[in-house]
Amino acid sequence: MTDTTWVKVLMDWSAQLERELPWREKSPRDPYRVWISEIMLQQTRTEAVKPYFNTWMEKFPTVHALAEASEAEVLHAWQGLGYYSRARNIHAAAREMDSHYGGRVPDELKVVESLPGIGSYTAGAILSIAYGKRTSAVDGNVLRIYARLYGIEEDILKAKGRRQVMNCVEQTLPEDAGSFNEALMDLGQEVCIPRFPRCSECPIASWCRAHREGKEKELPVRTKKKRQETLYLAAALILRHGAFLMHKRPEKGMLASMWEFPMVLAHTPEEAERELGRRWNCRLEGPVWKHRHVFSHRIWNMNAYVAAPAVQEPMGKDYAFFTPEEYRNIPLAGPHARLAAWAEKLVLE
DNA sequence: AAGGCGGGGTC
DNA sequence: GACCCAGCCTT
């Protein structure tokens with residue numbers, strides 16, 4: 001039988017820690033706030049989320065307010081936070097809650113988990129924290145903590161290792177699962193951190209197998225990810241009557257539905273520049289601006305050029321002109337937001 | 001089971 | 001540079 005005496009020790013430690021976070025107001029918790037915070041926190045540090053969360057709540061205070069908003073407004077509020085399918089899914093889920101669930105976050109595990117953007121972790125977190133149900137919420141923190149605590153040597157990013165942790169969590173999960181899940185997050189962020197765990201500060205170190213065996217830096221085992229592909233990007237600054245020509249990206253794939261300056265991707269900077277000149281059939285001045293942007297899975301080396309196409313091209317509905325005043329209110333794609341900020345001064349000249 | 005999908009802090 | 005974060009979805 002598993003020794004679970006550490007559970008209460010951990011929860012007492014977390015309670016006296018009293019971490020103050022915008023989404024951790026006094027109980028009862030607002031399920032809407034719990035849901036939004038959990039989505040924002042997917043693969044994202046708490047410090048990055050804080051300002052977005054507060055702005056979001058002023059802009060979209062309820063499920064209904066969010067459901068009424070346009071997708072562009074929602075995407076704009078998410079700009080800079082990354083993983084933009086989260087914004088699209090959150091919007092779709094809000095409309096579903098508004099039309100089918102009385103404008104509330106549902107309180108049944110299977111129902112919540114069926115909503116877009118809500119997987120097993122987020123469903124468990126919402127149900128336990130907002131509704132007091134006894135559900136587990138296994139995230140990166142929990143995988144790391146349990147791998148160390150119980151000396152699990154399987155790769156936690158693979159199904160087998162993950163299953164071992166999930167089984168273990170089920171056996172240790174207390175009735176007050178919400179407080180327990182939050183206590184694990186506290187421990188994972190403050191003490192049982194990835195690289196160099198602070199075991200001397202850990203309230204449950206005496207129960208930890210990895211610590212006992214001096215393997216706390218060896219665990220957890222996790223596969224490395226492959227490195228990014230490098231691409232070269234040439235962007236066109238096409239200015240008419242104080243407005244820049246911009247392009248709306250496709251509805252699927254990277255930076256979906258966000259706006260960018262017209263651009264070409266290639267494997268060399270020369271090729272990108274040549275293709276851009278051919279596309280707009282004009283001379284390019286520049287590069288007038290350079291930037292290197294690292295994504296999780298690729299790298300863009302960007303060059304921007306001033307272009308003045310002689311004739312008005314037939315452009316289609318994915319193209320439109322925006323003044324800087326206007327493009328501050330539309331969702332801009334990653335590094336194009338930086339270019340847009342820089343390009344404002346061209347309008348003044 | 002594997003890979004796509006952002007951005008930023010930290011070493 | 002590399003690592004990794006309160007993961008989910010598609011293929």
With a 4.5 Å heavy-atom cut-off, do Leu245(A) and Trp280(A) have their side chains touching? yes
Can you give the donor-acceptor pairs under 3.5 Å from side chains of residues 175-183 of chain A to other protein atoms, not counting sequence neighbours?
| residue | atom | partner | partner atom | Å |
| --- | --- | --- | --- | --- |
| Asp176(A) | OD1 | Ser179(A) | N | 3.4 |
| Asp176(A) | OD1 | Ser179(A) | OG | 3.2 |
| Asp176(A) | OD2 | Ser179(A) | OG | 2.8 |
| Asn181(A) | ND2 | Ser128(A) | OG | 3.0 |
| Asn181(A) | ND2 | Thr135(A) | O | 3.1 |
| Asn181(A) | ND2 | Ala177(A) | O | 3.2 |
| Glu182(A) | OE1 | Arg29(A) | NH2 | 3.1 |
| Glu182(A) | OE2 | Arg24(A) | NE | 3.4 |
| Glu182(A) | OE2 | Arg29(A) | NH1 | 3.2 |
| Glu182(A) | OE2 | Arg29(A) | NH2 | 3.4 |

Of all nucleotides in DNA chain C that come within under 4.0 Å of a heavy atom of chain A, which is furthest toward the 5' end and which toward the 3' end? dC3(C) to dC9(C)
Within a radius of less than 6.0 Å around CD of Glu344(A), do more than 12 heavy atoms belonging to other residues, nucleotides or ligands occur? yes
Remember a base hit wins even if backbone is also touched, and classify Arg144(A) as base, sugar-phosphate or nothing at under 4.0 Å, heavy atoms. sugar-phosphate
Using a strict heavy-atom distance below 4.0 Å, which residues from residues 32-41 of chain A are in contact with DNA chain C? Glu38(A), Leu41(A)
N/O donor-acceptor pairs under 3.5 Å from side chains in residues 251-264 of chain A, not counting sequence neighbours:
| residue | atom | partner | partner atom | Å |
| --- | --- | --- | --- | --- |
| Ser257(A) | OG | Arg88(A) | NH2 | 3.0 |
| Glu260(A) | OE1 | Arg249(A) | NH1 | 2.8 |
| Glu260(A) | OE2 | His247(A) | ND1 | 3.0 |

Answer with base, sugar-phosphate or nothing: what part of the nucleic acid does Trp78(A) contact at a heavy-atom distance below 4.0 Å? nothing
Arg86(A) side chain to Asn89(A) side chain, donor-acceptor N/O pair below 3.5 angstrom: no
By side-chain contact (heavy atoms from CB on, under 4.5 Å), which residues pair with Pro31(A), not counting sequence neighbours? Val105(A), Ala130(A), Tyr131(A)
CD/Glu170(A): more than 12 non-hydrogen atoms of other groups inside 6.0 Å: yes
At a heavy-atom distance below 4.0 Å, what parts of residues 130-140 of chain A sit against DNA chain C? Asp139(A), Gly140(A)
With sequence neighbours left out, the residues meeting salt bridge (Lys or Arg N to Asp or Glu O under 4.0 Å) with Glu275(A) are Arg278(A)
Interface limits on DNA chain B, where chain A has a heavy atom under 4.0 Å of a nucleotide atom: dA1(B) to dT10(B)
Can you pull the salt bridge (Lys or Arg N to Asp or Glu O under 4.0 Å) pairs that have at least one residue in residues 46-64 of chain A, sequence neighbours excluded? Glu47(A)-Lys50(A)
Can you sort out the partners of Arg292(A) under salt bridge (Lys or Arg N to Asp or Glu O under 4.0 Å), two or more places apart, ordered by chain and number? none
Identify, residue by residue, the members of residues 256-265 of chain A with a heavy atom below 4.0 Å from DNA chain B, and return them in order of residue number, or none. none
Sorted by first residue and then second, give each ring pair (Phe, Tyr, Trp, His ring centres under 6.0 Å) pair with at least one member in residues 136-172 of chain A; sequence neighbours left out. Trp6(A)-Tyr146(A), Tyr146(A)-Tyr150(A)
